[in-house]
Amino acid sequence: MANYTEENLAHELENQEYKFGFVTPIDADTIPIGLSEDVIRLISSKKEEPLWLLEHRLHAYNVWKTMEEPNWAHVKYKKPDFQSIAYYSAPKQSKKYESWDDVDPEMKATMAKLGISMEEQQRLTGVAVDFVMDSVSVATSFKEKLGELGIIFCSFSEAVQNHPDLVRKYMGTVVPTTDNFYAALNNAVFTDGSFCYIPKGVRCPMELSTYFRINAGGTGQFERTLVVADEGSYVSYLEGCTAPQRDENQLHAAVVELIALDNAEIKYSTVQNWYPGDKNGLGGIFNFVTKRGICHTNSKISWTQVETGSAVTWKYPSCILKGDHSIGEFYSVAVTNNYQQADTGTKMIHLGKNTKSTIISKGISAGKSQNSYRGLVQIHKSAKNARNFSQCDSLLMSSECGAHTFPYIECKNSTAKIEHEATTSKIGEDQLFYCKQRGIGEEKAIGLIVNGYCKEVLNQLPMEFAVEAQKLLTISLEGSVG
Amino acid sequence: MITIKNLHANIDGKEILRGLNLTVKAGEVHAIMGPNGAGKSTLASVLAGRDEYVITEGEVEFQGLDLLSLSTEDRAREGLFLAFQYPVEIPGVSNVNFLRTAINEIRAYKGQESLSAKDFMSLVREKSALVELDSKLASRSVNEGFSGGEKKRNEIFQMAMLAPKLAILDETDSGLDIDALRIVAKGVNQLKSPDNAAIVITHYQRLLDYIVPDFVHVLYKGQIVKTGGKELALELEEKGYDWIKEAHPTV
Amino acid sequence: MEQIVAPSKMETFRRNLPVSLLKIKKEDLAASNERLLLNGFPNSRTEAWKYSRLNRIASLNLNTITSSPISWEHYSVTNEAYTFVFQNDRCIHFSQDLPDGIMVKEAAHLSLEEWKTLDINSHVIDINKTHAQNGLCLWLRKGVSLTKPVQLIFISSGTEQAAIHRNQFILEKNSKMEVIISHFSIDGQKNYKNIVSEFHLEENACLSVNKLQNEEGEDFHFSTENIHQKNNSNFSLTTLTLNGNWVRNDVNVFVDGEGCETFLNGAYLSKGIQHIDNHTTIDHMKPNCNSYELYKGVMDEKSTAVFNGKVFVRPDAQKIAAFQSNANVLIGDEASVNSKPELEIYADDVKCSHGSTIGQLDEEAIFYLQSRGISEKTARRLVLTAFMQDVFEKITSPVVVTFLNQVLSKRFNWDLSVLEED
């Protein structure tokens with residue numbers, strides 16, 4: 001039978017606003033603001049990093065200094081002052097956590113508030129969680145159980161210490177150090193993140209999840225995620241993000257790299273709910289993220305994202321379909337309200353023979369927001385019999401918002417088949433009237449219709465995430481139709 | 001149940017209803033017939049609260065309430081149901097989700113507790129059997145990919161689920177084959193009780209073979225120009241509407 | 001010592017081009033000159049020129065040499081038209097037998113006040129403004145409906161000749177006409193053609209333009225059509241690119257009135273190493289309008305095509321329905337295509353859509369035809385023709401259809417009449 005998630009929302013939706021806007025009163029070890037070689041050396045030494053990684057950071061920094069901030073996206077914002085950001089902030093801890101019991105009670109309370117539980121509940125739901133606050137991994141659950149299968153799931157810093165060969169082998173192979181302005185910055189100053197390695201032939205028995213939280217003020221968050229699925233393996237990875245409500249714009253510049261070796265499959269799901277700023281567009285996160293995966297022969301990478309947060313989003317989870325018969329998928333819901341701006345989409349780079357890609361994008365614009373889909377489907381000469389299907393729909397909820405579609409389709413192989421469709425329209429008046437005639441109030445009717453509109457994408461999410469996403473969609477659009 | 005007095009309504013400045021009067025009591029079935037453009041569907045839309053129509057004069061009392069002052073959803077919550085002539089598709093929203101939301105919104109309005117999933121599902125089973133609706137349709141998206149007949153049966157199914165006080169059936173018979181017509185009529189008849197009432201809007205008499213009305217009204221140029229018993233429908237079927245038009249050239 | 005700066009490519013390119021003979025506002029000219037000097041040629045980082053490299057054009061050594069007039073008659077699409085012919089930089093035929101209600105002038109004879117220039121810039125328009133030699137300017141008076149089309153023929157010949165012209169059409173209230181613009185070349189060797197045409201449609205005016213591009217040789221062709229529509233006007237443009245070494249079409253429609261309809265259709269068929277680039281923009285500035293755009297192309301051998309179609313809906317331009325479709329078939333193993341349909345929507349009560357497809361001929365259909373005894377070659381031709389048919393169907397002018405059939409059968413060995421008989 002169908003689930004009743006839309007219905008379950010009912011009680012939770014009474015005039016809810018951004019509910020993750022609180023700050024955890026926890027001591028943080030934050031370095032002074034500013035960016036220089038010394039700062040990078042300081043970060044590296046705080047993390048007790050090997051020399052190669054310091055050199056990697058310095059190289060990235062030196063190239064970054066020569067780069068310019070990209071301006072091609074359909075977004076307008078005041079460029080961050082990179083010298084007024086603190087590049088390292090870690091919740092203070094007297095010692096390394098040996099066990100869950102060592103974790104600061106405030107921290108535990110924060111996780112509980114965010115709906116993250118590291119203990120019993122997790123055992124029931126079967127989700128292993130890595131919690132990253134202000135770029136530092138706080139706790140990772142289920143390590144041992146995963147370890148029995150040879151699965152490595154830990155913070156990026158731990159991976160650097162304990163699995164340097166793996167990190168060195170794969171880091172920067174999908175997103176080159178100096179790929180773009182923000183990726184280069186991330187390479188120079190990243191402080192932590194998540195690392196995951198699934199050995200050959202192993203099907204990861206539970207969802208792996210990282211929860212990213214910005215807590216400290218005046219900082220940026222620069223984390224890295226590296227997921228390596230070795231030959232014939234499978235993993236489903238979830239990522240959630242929130243941040244406190246602040247009047248300043250905080251920068252989040254992450255890099256996510258996925259590597260699917262032959263016959264492997266990675267499913268990567270994101271529910272992005274960074275603080276979007278207030279109703280007047282004050283504050284909010286600048287979310288400038290580089291996410292890319294590479295598919296080897298017969299492998300598959302599937303990106304699913306539900307984007308409701310951030311003041312400005314600049315994000316294109318992409319797939320390089322290098323191996324023959326590889327598959328790339330991108331399912332996206334992006335909601336913007338008030339003064340939010342999103343420029344998001346994907347790149348599907350077809351290199352191998354018989355490669356396939358699917359793009360399903362649903363944009364919803366409300367308030368005075370601007371929401372753009374930007375996508376690239378590139379069929380190279382070598383990509384014989386490549387296939388792509390793209391569907392990009394935009395829903396407009398107010399007369400002052402904008403919905404834009406910028407697809408680039410480049411085809412250099414005459415055996416390719418590409419289909420792209422896009423529609424832009426208002427929420428259906430007839431649908432609204434029909435719902436109301438059945439006794440359903442306007443706000444709820446909108447929630448119902450919008451969730452239905454996004455169903456194709458929401459269906460891709462693991463169950464638990466799907467419920468969360470549906471709630472978010474409804475909350476994000478509250479008061480958007482007047 | 002409902003009393004309509006001197007109702008005038010226009011759309012885009014064009015007057016469609018021009019002083020319509022109608023009283024429906026509990027336990028009654030009224031048929032409204034009339035030629036194309038008489039204002040039949042406008043009446044249904046105005047009663048349900050579609051906001052394209054501007055009401056310039058008149059009043060409607062529904063169970064002691066001033067109907068015209070209520071929002072569309074509150075009219076529904078008070079027990080007014082419209083079976084749409086063209087049911088709307090809502091992609092991605094399953095029929096059961098839709099109905100459960102509707103039922104619980106109505107219950108909340110009345111200060112009642114939400115229906116449990118279990119009770120709701122047994123209600124779905126009971127009522128879908130009534131209109132011989134495939135249970136698969138219940139979990140499909142609202143009206144999406146339904147055939148014309150399925151859409152109309154789904155309307156009656158929803159009506160059965162929501163158990164309204166007053167049901168308005170807007171050309172529910174249009175586009176139905178004889179079997180579908182029979183099923184729809186059966187559903188409507190089984191829902192009939194001394195406490196509720198129905199207004200059946202139709203262009204043809206054939207639906208009235210199955211849903212026997214207590215009164216038949218002829219709507220012409222925005223007014224009810226003739227009222228009779230069920231035999232009036234047969235007379236209309238036989239003679240067409242021309243004699244009505246001739247009798248009321250100046251309406 | 002004064003430093004000698006190497007002249008930019010743009011300056012080299014322009015050095016032998018004669019200055020414009022048109023009376024264009026001094027400040028406009030100065031602005032164009034400044035932009036050209038400052039920006040030079042756009043490179044691949046310039047969004048509008050991402051897929052069309054200008055290197056080969058920038059290195060042309062252009063001039064204008066008086067060549068002996070050719071006989072143009074057999075390039076005429078129809079004799080039943082008011083015809084104006086330009087060979088390279090000059091006008092060689094100017095129709096005299098015009099009916100009442102229509103006024104024409106050579107562009108070179110227009111006074112400053114008579115120009116109604118739309119505010120839109122590109123390096124192509126700037127080159128045109130600063131070097132235009134001539135062109136046709138036409139006024140169709142209130143309520144006049146022309147029974148015969150106006151025909152403009154542009155023929156280029158010679159080597160590295162520049163043909164730069166500017167046309168202006170003003171259709172007053174309730175007027176109606178049809179225009180056929182055709183482009184040919186005679187053994188063209190790297191000629192440069194830059195034609196800018198502006199169409200101003202007053203209220204209720206109705207204009208249908210068929211643009212035929214059929215240039216042989218190795219010419220470089222730039223066509224720009226800028227259109228301004230007022231209330232309840234109806235504009236349609238069909239661009240048929242049947243031949244051409246390097247072709248760039250820019251169409252910019254400003255729908256500046258309510259109740260307008262706009263139709264843009266295009267067909268492009270390329271072979272060899274041809275490059276055909278169609279850029280269109282429809283800017284919906286006012287509410288209650290519809291626009292329809294359909295571009296289809298077939299690329300053979302090593303040819304390349306570019307389609308970029310942009311639909312803008314400005315704030316408060318409610319109740320807009322805009323539909324755009326681009327479909328491409330690659331038949332050459334090394335043929336390629338870049339398609340970029342774009343929607344930029346700032347109003348909410350709209351219905352806009354676009355679609356873009358790239359694919360091959362339907363092999364199933366070909367096999368089916370073969371199984372009915374049709375040769376593979378014919379079968380392919382039939383399926384191709386069927387693919388293009390919905391664009392060709394949009395052509396309302398019988399003489400253009402006849403011309404199209406002739407070119408298709410001659411150049412591509414297609415026979416559209418086969419379909420009609422079926």
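Just so you know, these numbers use all the heavy atoms, side chains as well, and skip hydrogens, waters and symmetry mates. The structure presented is a predicted model; accordingly, all values stated were derived computationally and were not measured.
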Near [X] [atom1], under 6.0 Å, is it more than 12 heavy atoms from other residues, nucleotides or ligands?
{"X": "A:Tyr77", "atom1": "OH", "value": "yes"}
{"X": "A:Lys417", "atom1": "NZ", "value": "yes"}
{"X": "A:Lys322", "atom1": "NZ", "value": "no"}
{"X": "A:Lys356", "atom1": "NZ", "value": "no"}
{"X": "A:Lys384", "atom1": "NZ", "value": "no"}
{"X": "C:Lys319", "atom1": "NZ", "value": "no"}
{"X": "C:Asp390", "atom1": "CG", "value": "yes"}

Item to complete: Return yes if some donor-acceptor pair links the side-chain N/O of A:Glu410 with the main-chain N/O of C:Ser339 below 3.5 Å, else return no.
Response: no
So for [X], is it side chain, backbone, both, or neither that comes closer than 4.5 Å to the heavy atoms of chain C?
{"X": "A:Gln378", "value": "neither"}
{"X": "A:Asn413", "value": "backbone"}
{"X": "A:Cys401", "value": "backbone"}

Discussion item. Please report the interatomic distance OH(A:Tyr408) to NZ(C:Lys340), rounded to the nearest 0.5 Å.
Written reply: 3.0 Å
Worksheet item: Which of the residues C:Met299, C:Lys351, C:Glu47, C:Lys50 is involved in the greatest number of heavy-atom pairs with chain A at under 4.5 angstrom?
Response: C:Glu47
Answer with side chain, backbone, both or neither: which region of [X] has an atom nearer than 4.5 Å to a non-hydrogen atom of chain A?
{"X": "C:Pro315", "value": "neither"}
{"X": "C:Tyr51", "value": "side chain"}
{"X": "C:Gln324", "value": "neither"}

Item to complete: Write down the atom of A:Glu419, the atom of C:Thr357, and the distance for their closest heavy-atom approach.
Response: CG-CG2, 3.8 Å
Within a strict 4.5 Å, meaning less than it, do heavy atoms of the [X] and [Y] side chains meet?
{"X": "C:His354", "Y": "A:Pro407", "value": "yes"}
{"X": "C:Ile358", "Y": "A:Ile409", "value": "yes"}
{"X": "C:Glu334", "Y": "A:Ser414", "value": "no"}
{"X": "A:Gln370", "Y": "C:Tyr346", "value": "yes"}
{"X": "C:Gln318", "Y": "A:Lys426", "value": "no"}
{"X": "A:Cys411", "Y": "C:Leu330", "value": "yes"}

Response to the item:
Ranked by heavy-atom pairs below 4.5 Å to chain C, first place among A:Ser394, A:Ala403, A:Ser390, A:Ser365 goes to A:Ala403
Worksheet entry | Greatest number of heavy atom pairs closer than 4.5 Å to chain C - which of A:Ile418, A:Thr423, A:Leu395 | A:Ile418
